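Notes for the one structure printed next.
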Amino acid sequence: MNEIDFIDVPFYENPDPRCACVLLLDTSGSMYGEPIQRLNEGIKLLKDSLMENPLSRRRVEIAVVTFDSSVTVVQDFVTADDFNPPSLTAQGLTHLGEGMMKALDLVESRKEVYKRNGIEYYRPWIFLITDGEPQGESPAQVQEVTLRIKDAEAKKKVAVFGVGVENANLEKLQSILVREPRKLNGLDFISLFQWLSASMNSVSQSNPGDQLALPQPSGWTSI
């Protein structure tokens, strides 16, 4: 059997290790107007910044999941060079728990694809951005996703980062996440995505499994 018969074509053409990152984005009604506009601008900057680094173009994979009154996989995993930033709109409630579940499912599914194709990978990231807290979800649903995050983090299956925008309930986010959520400085999504790009660039130039010091989150985060 020829090697290409059982290796998916994208991995046959690019067998580099993969650094997967899910952008888990709040598109509820409270993000309407300038917040969603600035968020869209930041995602475009992320694409442009990753494209400046040859390794990041090949190794960083981006997926986009939005959550409002429903959860949508806007973009499944693609390498940075194939990533087309979406134009997001805002409406509805904040089904954060359901969105996080979908993001965790995507990560686990993608890791199985890597394993099937013999591709090394770095610990995947989920990058949550929200201006609120779970709405329209039962306490049991929120507790379920909280336990799943804590288990996944403890087993180093994923790294979940949270960013609170404007009136986000950071105390509630902290109760769900393992890592301390950061508060965005105003609507400075540009500096936030510059930091995310720099972090992804650093990860993609290391070896899978390496301990890595990420850039300090200065500028975009408020104290």
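Everything numeric in this text was worked out from a predicted model, so none of it was measured.
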* Please name the pair of heavy atoms, one in Asp26 and one in Gly132, separated by the smallest distance, quoted to 0.1 Å. => OD2-N, 3.9 Å
* **Closest non-hydrogen atom pair between Ile62 and Gln75, with its separation** => O-CG, 4.1 Å
* Examine Ile149 and Leu25 and state if one hydrophobic cluster contains both, with Ile, Leu, Val, Met, Phe, Trp and Tyr joined whenever side-chain heavy atoms are less than 4.5 Å apart. => no
* Under 3.5 Å, is there a donor-acceptor pair between the side chain of Asn40 and the main chain of Ser87? -> no
* Using atom types as modelled and distance alone, determine if a side-chain donor or acceptor of Lys47 lies under 3.5 Å from a backbone N or O of Ala80. => yes
* **Ion pair Asp16/Arg57, N-O distance below 4.0 Å** => no
* So, Ser175 side chain and Lys172 main chain: donor-acceptor pair closer than 3.5 Å or not? -> yes
* Interatomic distance, Glu166 atom CD to Leu187 atom CG [nearest 0.5 angstrom] -> 4.5 Å
* Asked: Out of curiosity, does Val203 fall in the hydrophobic cluster containing Leu23 (side-chain heavy atoms, cut-off under 4.5 Å, transitive links)?
  -> yes
* Taking the side chain as every heavy atom from C-beta outward, state whether Phe67 and Met100 have any pair of such atoms under 4.5 Å apart. => no
* Please check if the side chain of Asn117 supplies one atom and the backbone of Asp8 the other of a donor-acceptor pair under 3.5 Å. => yes
* Asked: Any ion pair linking Lys115 and Glu112 (charged N to carboxylate O, less than 4.0 Å)?
  -> yes
* **Expected output: side-chain Asp188 to main-chain Ser191 donor-acceptor under 3.5 Å** => yes
* To do: Test Thr89 against Ile36 for side-chain contact (heavy atoms from CB on, under 4.5 Å), laying out the working first.
  => CA-CA 7 Å; Thr89 58; Ile36 201 73; 5.7 Å; no
* **Short N-O contact, Lys111 and Glu108, less than 4.0 angstrom** => yes
* **Cluster overlap Phe83 with Phe189, hydrophobic side-chain contacts below 4.5 Å** => yes
* Kindly indicate whether the side chain of Gln205, heavy atoms from C-beta on, has any atom under 4.5 Å from the side chain of Asn53. => yes
* Asked: If you round to the nearest 0.5 Å, how far is CD of Glu137 from CE of Met101?
  -> 9.5 Å
* Structure fact -> Output for pair (Arg179 CZ, Leu128 CG), nearest 0.5 Å, gives 13.0 Å
* Would you give the length of the straight line joining atom CG of Asp82 to atom CZ of Phe77, rounded to the nearest 0.5 angstrom? => 14.5 Å
* Give the C-alpha distance, both sets of side-chain angles, the deciding distance and a yes or no for side-chain contact (heavy atoms from CB on, under 4.5 Å) between Ile129 and Phe193. => CA-CA 11 Å; Ile129 299 176; Phe193 280 101; 3.8 Å; yes
* More than 12 heavy atoms of other groups within 6.0 Å of Glu120 CD -> no
* Structure fact -> Looking only at heavy atoms, the pair that brings Tyr122 and Asn207 closest together is CE2-C, 3.7 Å
* Asked: Do you reckon Val145 sits in the same ILVMFWY cluster as Val158, going by side-chain contacts under 4.5 Å, direct or chained?
  -> yes
* So, Ser199 side chain and Trp195 main chain: donor-acceptor pair closer than 3.5 Å or not? -> yes
* Structure fact -> Closest non-hydrogen atoms of Pro86 and Val74, given as atom of the first, atom of the second and distance, are CB-CG1, 3.6 Å
* **side-chain contact (heavy atoms from CB on, under 4.5 Å) partner of Lys183, chosen from Val165, Leu173, Leu170** => Leu170
* Structure fact -> The reported gap from CG in Leu177 to CD in Glu153 (rounded to nearest 0.5 angstrom) is 8.0 Å
* To do: Check whether Leu184 and Ile43 end up in the same hydrophobic cluster, where Ile, Leu, Val, Met, Phe, Trp and Tyr are linked by side-chain heavy atoms less than 4.5 Å apart.
  => yes
* Does the Asp151 side chain pair with the main chain of Leu147, one donor and one acceptor, at a distance under 3.5 Å? -> no
* To do: Mind listing the closest non-hydrogen atom pair of Ser56 and Ser204 along with its distance?
  => OG-OG, 3.2 Å
* To do: Report the C-alpha distance between Leu192 and Arg182 in whole Å, list the side-chain angles of each, state the deciding distance to 0.1 Å, and finish with yes or no for side-chain contact (heavy atoms from CB on, under 4.5 Å).
  => CA-CA 10 Å; Leu192 166 61; Arg182 297 279 184 164; over 6 Å; no
* Ala140 backbone acceptor or donor facing Glu144 side chain under 3.5 Å -> no
* Asked: Is Ser49 reaching over with its side chain to a backbone N or O of Leu45, donor-acceptor style, under 3.5 angstrom?
  -> yes
* Identify the heavy atoms of Pro17 and Ile119 that sit nearest to each other, and give their distance. => CA-CG2, 4.4 Å
* First locate atom OG of Ser28, then atom CG of Leu93, and finally report the distance between them rounded to the nearest 0.5 Å. => 8.0 Å
* To do: Evaluate the ring planes of Trp125 and Phe161, with Trp represented by its six-membered ring, and classify them as parallel (under 30°), tilted (30 to 60°) or perpendicular (over 60°).
  => tilted
* **Heavy-atom side-chain contact between Glu171 and Pro181 under 4.5 Å** => no
